[in-house]
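Please read the structure below before turning to the comments.
A note on names: the letters A, B, ... follow the listed sequences, proteins ahead of strands, and every chain is numbered from 1.
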Protein chains: 2
Amino acid sequence: MRLRIGNKDLIKDINRSLVINEIRLNGPISRTDISKNLNLGLSTVTNIVEELKTQKLIFEIGEADSTGGRKPILLEFNYNYGYTIGIKIEENNLIFALTNLNADIIRRKKVPFKRGSNSNDVLELIIKNIEDLIKAIPMDRSLLGIGIAISGLIDQKRGRLIYSGMLNWSDIDISGILKDRFNVPVYVDNDVNAYTLAELWYGQGRTLSNFIVVTYGSGIGSGIVINKRLYCGDFGGAGEIGHMVLVADGRKCECGQKGCLEAYASENFIIDYIKENIQFFKESKINIDEELSIEKVYEYAKNGDMLAINALKLSAKYLGYGLLSVINIFNPSTIILAGEGMVAKDIILPVVIDIVKNNFF
Amino acid sequence: MRLRIGNKDLIKDINRSLVINEIRLNGPISRTDISKNLNLGLSTVTNIVEELKTQKLIFEIGEADSTGGRKPILLEFNYNYGYTIGIKIEENNLIFALTNLNADIIRRKKVPFKRGSNSNDVLELIIKNIEDLIKAIPMDRSLLGIGIAISGLIDQKRGRLIYSGMLNWSDIDISGILKDRFNVPVYVDNDVNAYTLAELWYGQGRTLSNFIVVTYGSGIGSGIVINKRLYCGDFGGAGEIGHMVLVADGRKCECGQKGCLEAYASENFIIDYIKENIQFFKESKINIDEELSIEKVYEYAKNGDMLAINALKLSAKYLGYGLLSVINIFNPSTIILAGEGMVAKDIILPVVIDIVKNNFF
DNA sequence: AACATACTTTTTTCAGTGAAGCAAGTTATA
DNA sequence: TATAACTTGCTTCACTGAAAAAAGTATGTT
């Protein structure tokens with residue numbers, strides 16, 4: 001990143017940003033209060049507000065009660081100034097959401113596609129659906145940007161998909177293709193990071209400087225926020241805590257390594273563990289001959305099946321050790337646990353919390 | 001951190017910083033080149049340079065060869081503008097260094113104190129020696145700041161020592177005491193972070209945005225640099241990679257946890273391993289009855305003793321697994337390995353590199 | 001070799017610009 | 001009449017850009 005030099009444009013940009021954010025986050029608010037909160041001159045605020053009003057980025061929403069003088073005029077951010085489209089690419093589904101700037105969903109759409117489709121066909125499908133969604137935007141407003149979440153390794157800076165095992169795609173310039181077509185900024189990131197940004201901007205992370213989001217489900221991933229910014233590493237692949245070594249020389253992991261956290265705390269491990277140990281649980285109702293899905297395991301556990309419960313608890317134990325490492329490394333005030341695996345949180349959380357509490361250095 | 005509003009002071013501060021840093025890092029340099037490199041107006045550079053010259057922060061060092069026109073006047077940063085004192089508190093030694101702003105050491109001093117001394121006595125000793133060092137500063141120059149490195153848990157923001165096991169001190173307002181006495185900024189951090197900052201400012205890290213320093217010795221620690229800033233975590237304790245769980249339910253660690261990296265990759269492990277396994281190495285020359293120090297182990301290893309070599313290699317193997325986890329989490333372009341353990345790098349490095357290369361996801 | 005002319009490059013000067021800041025004034029209310 | 005909210009007009013100051021000044025080099029002529 002090149003450092004910006006100080007000049008009048010910089011001042012302008014800074015103060016406009018400050019005023020917009022003050023109104024967006026603390027609005028409705030009066031000019032006087034903005035001035036006090038930001039320590040900006042009152043006349044400066046007046047001028048900036050005037051400009052933002054003509055740009056329709058903000059508007060006067062009405063007046064508040066007087067406290068002994070002229071009533072303050074309340075300003076509010078125009079959340080419908082523009083719209084954005086968010087897309088999640090799943091294994092055989094596209095999920096679209098058209099939102100305003102408050103992330104209110106205006107329209108939502110789920111579009112299936114054939115598992116294993118090639119990237120060109122799916123991108124074609126994405127373009128068609130974006131065109132369709134754009135029609136729902138009011139005439140005098142416009143699309144401001146597109147965000148895409150894909151499970152895989154992403155070059156965030158260039159908006160390229162480097163590799164996705166789930167889709168079996170590699171090296172696709174998603175941002176370039178869509179930017180050419182729609183002429184708006186296009187952001188691409190993996191699903192965990194996208195979820196982490198959501199927590200940072202709209203969720204529990206709003207008030208935090210540093211936190212880690214850990215997703216627990218088919219695999220284990222994490223999003224890292226440091227100094228209020230998502231950290232992606234030098235090659236875009238930070239946060240792969242699923243492939244931390246938890247058991248030196250341990251179980252083989254899909255990635256090729258041995259003893260990864262993900263080889264112990266994941267859906268696959270739970271199912272494998274049940275298969276390996278069903279012989280020791282004569283009273284278990286689990287039928288090993290039918291295809292065993294993770295949902296069925298949850299079902300069995302809910303009904304008190306000890307094998308299912310043990311498998312979940314063991315997986316949770318390893319998850320706890322993984323979190324312990326994360327805590328020792330990042331020393332964050334908060335860790336957010338999420339992911340499909342959390343549907344069994346009644347069983348998992350007590351185990352995890354117990355391990356973390358009793359072992360933290 | 002409160003955001004600064006945009007005004008003329010901000011512009012001034014930014015551009016003065018940019019010019020100073022340009023001269024400091026790329027000097028000697030002419031006004032014209034500064035203007036080109038920073039994209040700042042030539043007249044602006046002239047004005048700022050004039051100001052910095054009267055402040056004696058920079059000076060004109062001479063002229064460079066002409067390239068067909070007027071000779072450029074070269075500007076250089078005045079590294080002797082002021083001085084700083086750096087102090088490392090060891091188990092029974094204080095190490096002082098008086099340096100100029102180029103980190104050139106003007107004077108260095110080693111002052112022993114009684115192991116187990118209380119903090120007041122040692123701080124008294126520190127103050128006396130600082131007073132002594134200040135006498136070595138030229139009359140017209142001054143002390144600009146003090147930096148202190150201690151092994152332990154530090155509250156960097158307040159400059160307080162929270163707890164040091166090595167010294168058996170806790171909750172000491174080091175910064176407050178010295179700031180009151182000398183009226184200059186005082187920075188306190190643990191030894192690993194201090195070393196990491198040295199790498200960031202003067203070492204291999206100068207050109208890197210993200211890197212991790214891993215110290216391997218009596219324990220394992222790490223310093224984390226993200227976006228050119230040292231990351232300390234919300235409670236000042238980030239980087240404790242020594243207490244990552246490497247072997248679930250493994251060896252007991254000094255910290256109370258089980259299976260920490262430090263329980264496997266550390267001097268203590270190496271010595272314990274030798275004691276536990278000497279029975280299997282009949283040909284080993286190691287005499288288990290004498291007090292076994294890590295230095296002696298290195299000596300034995302250098303002379304080809306297989307037990308010593310095996311112990312070092314095994315410890316290195318675990319270190320490799322630890323680094324693998326660090327790489328998976330941070331995805332940095334560079335890891336810097338340092339610490340006393342590296343004196344045996346001929347044995348350790350090949351093992352570590354092999355593990356990392358063959359396993360990286 | 002001495003000199004004149006043309007061109008280059010570096011640095012300085014100075015009027016102009018614009019964003020913030022300040023103070024006095026206006027509006028609206030208790 | 002006092003007070004709070006907001007507006008207007010003027011001042012300030014750091015950057016900008018163009019022109020001028022300073023200090024060279026390159027080349028051709030006598």
**OP:** For A:Glu63 and C:dT27, give me the distance from atom CD to atom P, rounded to whole Å.
**Re:** 15 Å

Original post:
Starting at CG of A:Leu10 and ending at C1' of C:dA20, how long is that distance when rounded to a whole Å?
Top reply: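 To the nearest whole Å, that distance equals 14 Å.
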
Original post:
Nucleotide range of DNA chain D contacted by chain A, 5' to 3', under 4.0 Å to a heavy atom?
Top reply: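 The footprint of chain A covers D:dT3 to D:dT16.
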
With sequence neighbours excluded, what pairs up with [X] under the side chain to side chain contact (heavy atoms under 4.5 Å, CB included) test?
X       : result
A:Asn7  : A:Ile5, A:Asp9, A:Leu10
A:Thr67 : none
A:Leu57 : A:Ile20, A:Leu52, A:Gln55, A:Phe77, A:Tyr81
A:Asp33 : A:Ile29, A:Ser30, A:Lys36

Original post:
Which residues pass the side chain to side chain donor-acceptor pair (under 3.5 Å) test with B:Ser333, sequence neighbours left out?
Top reply: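 Expected list: A:Asp234.
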
Subject >> Sequence neighbours excluded, every pair satisfying salt bridge (charged side-chain N to carboxylate O under 4.0 Å, His left out) that has a member inside residues 62-85 of chain A >> reply: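 Salt bridge (charged side-chain N to carboxylate O under 4.0 Å, His left out) check on residues 62-85 of chain A returns no pairs.
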
Subject >> Check: B:Phe330 ring centre within less than 6.0 Å of A:Phe330 ring centre >> reply: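 That pair passes the under 6.0 Å test.
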
Subject >> Pair listing, side-chain hydrogen bond (donor to acceptor under 3.5 Å, both in side chains) test, anchored in residues 193-206 of chain B, at least two apart >> reply: B:Asp189-B:Asn193, B:Tyr195-B:Glu199

**OP:** Sugar-phosphate means primed atoms, P, OP1 and OP2; the rest is base. With that split, encode nucleotides 12-19 of chain C 5' to 3' as B, S or - using protein heavy atoms under 4.0 Å.
**Re:** BBB--BBB

